[in-house]
Amino acid sequence: MLIASLILGMGLPVTAAYIVLIVLVGPALNQEFGVPLLIAHLVVFWYSQDSNVTPPIALAGFAGAAIAGSKPMETSMQAWKYAKGLYLIPAFMVYNPEIIMGGETWYVIWTGIIVVIGLVGFAAAIEGYLFTWMDKLSRVLVVPGVIAIFNPDEIIEAAGAALVLGIIAFNWVKSRRNRPQQA
């Protein structure tokens with residue numbers, strides 16, 4: 001489905017991409033994979049938004065470039081790169097349907113915190129920067145932490161979140177140490 005949304009995003013606006021994806025992929029998500037119908041529609045809608053940032057269409061990227069006075073294609077490529085972290089949120093909806101379908105309050109809050117930790121870790125791994133430049137080992141170690149966050153087992157999920165938070169804390173301390181002292 002990700003590949004289909006990426007390909008459709010290169011040639012169709014958001015509404016058309018959603019309609020095509022829901023017709024082609026929606027029934028498979030619902031019937032074959034057991035994803036609830038509401039979640040299936042939300043996932044397909046979320047992924048259809050990819051056309052806003054996928055070059056050569058990239059309406060949002062081109063609009064942002066016009067406002068900023070920058071090169072449209074470079075801006076679109078940066079927007080496309082940054083938007084890849086948003087592929088995580090539909091996966092959380094699929095693995096944790098209680099956050100949409102009405103779960104216990106503590107579980108919804110826990111999952112919201114985990115989503116933020118996963119997005120920050122993913123962005124840090126892609127960019128190599130979090131408070132300061134990350135070393136290669138930190139970038140490599142944050143990836144299994146983000147992957148572990150997707151595991152339905154709460155213990156593995158918590159271990160992945162702890163790993164990502166540990167790397168975030170390490171990088172924050174490293175940035176404080178390298179900061180020039182002010183008089």
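Quick caveat, the model's predicted, so the values are computed rather than measured. Both backbone and side-chain heavy atoms feed into the values below; hydrogens, waters and symmetry mates do not.
- Annotation: the span from Leu29 atom CG to Leu42 atom CG amounts to 11.5 Å, rounded to 0.5 Å.
- Scanning both residues, Ala148 and Gly160, for their nearest heavy atoms gives CB-CA, 3.7 Å.
- Under the ring-ring contact (aromatic ring centres under 6.0 Å, His included) criterion, Phe122 pairs with no residue, sequence neighbours left out.
- Annotation for Val35 and Ala40: closest pair CG1-N, 3.7 Å, computed over non-hydrogen atoms.
- With sequence neighbours left out, the ring-ring contact (aromatic ring centres under 6.0 Å, His included) criterion links Tyr129 to Trp133.
- If you chain together hydrophobic residues whose side chains sit under 4.5 Å apart, Ile117 and Ile155 never meet in one group.
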Q: Determine, stepwise, if the pair Thr75 / Phe62 fulfils side-chain contact (heavy atoms from CB on, under 4.5 Å).
A: CA-CA 7 Å; Thr75 304; Phe62 277 66; over 6 Å; no
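- Connection of Val53 to Met73 is not established within any shared hydrophobic cluster, with ILVMFWY side chains joined at heavy-atom distances below 4.5 Å, either directly or through further cluster members.
- Linking ILVMFWY side-chain heavy atoms closer than 4.5 Å, directly or via other members, places Leu38 and Val23 in a single hydrophobic cluster.
- At a threshold of 4.5 Å between non-hydrogen side-chain atoms, the residues Asp135 and Arg139 do not count as touching.
- Separating the CZ atom in Phe170 from the OG1 atom in Thr132 is a distance of 10.0 Å, to the nearest 0.5 Å.
- Of the possible polar contacts, none joining the Asn171 side chain to the Phe131 backbone as a donor-acceptor pair under 3.5 Å is found.
- Using a distance-only test at 3.5 Å, with no hydrogens or angles considered, a donor-acceptor pair links the side chain of Ser76 to the main chain of Pro72.
- Trp110 and Glu154 share no donor-acceptor pair across their side chains, judged by distance under 3.5 Å alone.
- Closest heavy-atom contact between Val146 and Gly121: CG2-C, 3.8 Å.
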Q | Step-by-step side-chain contact (heavy atoms from CB on, under 4.5 Å) determination, Val25 to Val43 | A | CA-CA 10 Å; Val25 180; Val43 166; over 6 Å; no
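- Scanning for side chain to side chain contact (heavy atoms under 4.5 Å, CB included) contacts around Leu163 gives Ile167, with sequence neighbours left out.
- Under a hydrophobic clustering in which Ile, Leu, Val, Met, Phe, Trp and Tyr are joined whenever their side-chain heavy atoms come within less than 4.5 Å, directly or via other members, Ile126 and Leu137 fall into the same cluster.
- One hydrophobic cluster, built from ILVMFWY side chains closer than 4.5 Å, cannot hold both Ile113 and Ile156; they sit in different ones.
- One finds the OG1 atom of Thr111 at 11.5 Å from the CD1 atom of Ile149 (value rounded to the nearest 0.5 Å).
- To the nearest 0.5 Å, the span separating CD1 on Ile114 from CZ on Phe150 amounts to 11.0 Å.
- In terms of heavy-atom proximity, Met134 sits nearest to Leu130 at CG-N, 4.0 Å.
- Between Val44 and Tyr18, some side-chain heavy-atom pair lies under the 4.5 Å cut-off.
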